[in-house]
Amino acid sequence: MSEPKRLFFALELPDDVQQQIIHWRAANFPADSGRPIAAANLHLTLAFLGEVSTEKQRALAAMAGRIRQPGFALELNDAGQWLRSQVVWLGTRQPPRGLLQLANMLRAQAARSGCYQSPLPFHPHITLMRNTAHAVPIPAPGFSWKVPVTEFGLYSSEFSRGRTRYTRLERWTLNDK
Ligand code: 2AM
């Protein structure tokens with residue numbers, strides 16, 4: 001039997017938005033703010049599942065595949081720092097209804113399947129930096145990236161040789177048909 005995997009459902013960003021964000025980050029945060037997340041690893045977690053067996057993964061994927069809802073537009077125009085978890089994040093001042101609906105559905109399905117449940121309410125964010133041990137000056141409002149969201153995916157997270165690697169295992173298109 002294969003080992004359980006650390007899994008999460010997430011949204012990816014288009015390549016050009018990833019690149020724009022890392023350039024903005026380099027230009028707007030002090031170099032010693034924390035450990036920057038690589039462009040390809042920037043993502044927005046919809047539901048964190050914890051360690052999941054292959055059998056449960058199949059069940060969760062089947063449920064995710066039955067979700068029917070249209071895509072939505074996400075505007076990344078907010079940023080902040082969580083001192084306790086030592087991260088600087090990028091988020092949105094107006095979470096679109098479609099984003100909340102999708103995350104709520106995936107989180108409810110995960111809870112019904114007995115997966116790990118985050119005790120924290122859903123706060124949509126993209127982690128930009130980790131290990132931000134001190135308060136970091138957050139750039140003034142005015143930045144904005146509009147991202148059309150047309151799909152979501154199931155990802156595994158593996159840590160080896162000092163690096164975290166995310167692998168997309170499956171993806172689903174958002175449409176209400
Ligand atoms: P973070 O970026 O805020 O740390 C893969 O690790 C993804 O799952 C990351 O987006 C991470 O969020 C999220 N994640 C990891 N552990 C989590 C937990 N205990 N609760 C909620 N999300 C978690």
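Counting starts at 1 for both ligands and their atoms, in listed order. Remember, predicted model here, so these are calculated numbers, not experimental data.
For the residue pair T132 / Q81, a side-chain donor-acceptor distance below 3.5 Å is found, with atom types taken as modelled. For the residue pair E75 and S144, a side-chain donor N or O sits within less than 3.5 Å of a side-chain acceptor on the partner.
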Close N/O pairs between ligand 1 and protein, under 3.5 Å:
unit_1: ligand 1; atom_1: 2 (O); unit_2: T127; atom_2: OG1; d: 2.5
unit_1: ligand 1; atom_1: 2 (O); unit_2: R130; atom_2: NH2; d: 3.0
unit_1: ligand 1; atom_1: 3 (O); unit_2: H125; atom_2: NE2; d: 2.6
unit_1: ligand 1; atom_1: 3 (O); unit_2: T127; atom_2: OG1; d: 3.4
unit_1: ligand 1; atom_1: 4 (O); unit_2: R130; atom_2: NH1; d: 2.9
unit_1: ligand 1; atom_1: 4 (O); unit_2: R130; atom_2: NH2; d: 3.2
unit_1: ligand 1; atom_1: 10 (O); unit_2: H43; atom_2: NE2; d: 2.7
unit_1: ligand 1; atom_1: 10 (O); unit_2: T45; atom_2: OG1; d: 2.6
unit_1: ligand 1; atom_1: 19 (N); unit_2: Y116; atom_2: OH; d: 3.0

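Taking the six-membered ring where the residue is Trp, H125 and W89 present perpendicular rings, their angle passing 60° and hence far from 30°.
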So Q94 and N77, side-chain hydrogen bond (donor to acceptor under 3.5 Å, both in side chains) or not? Walk me through it.
-> CA-CA 9 Å; Q94 311 90 6; N77 56 5; 3.1 Å; yes
side-chain contact (heavy atoms from CB on, under 4.5 Å) between L102 and L46, worked out = CA-CA 8 Å; L102 180 58; L46 297 162; 3.8 Å; yes
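For the side-chain hydrogen bond (donor to acceptor under 3.5 Å, both in side chains) with Y155, the lone residue among E12, H43, E170 that qualifies is E12.
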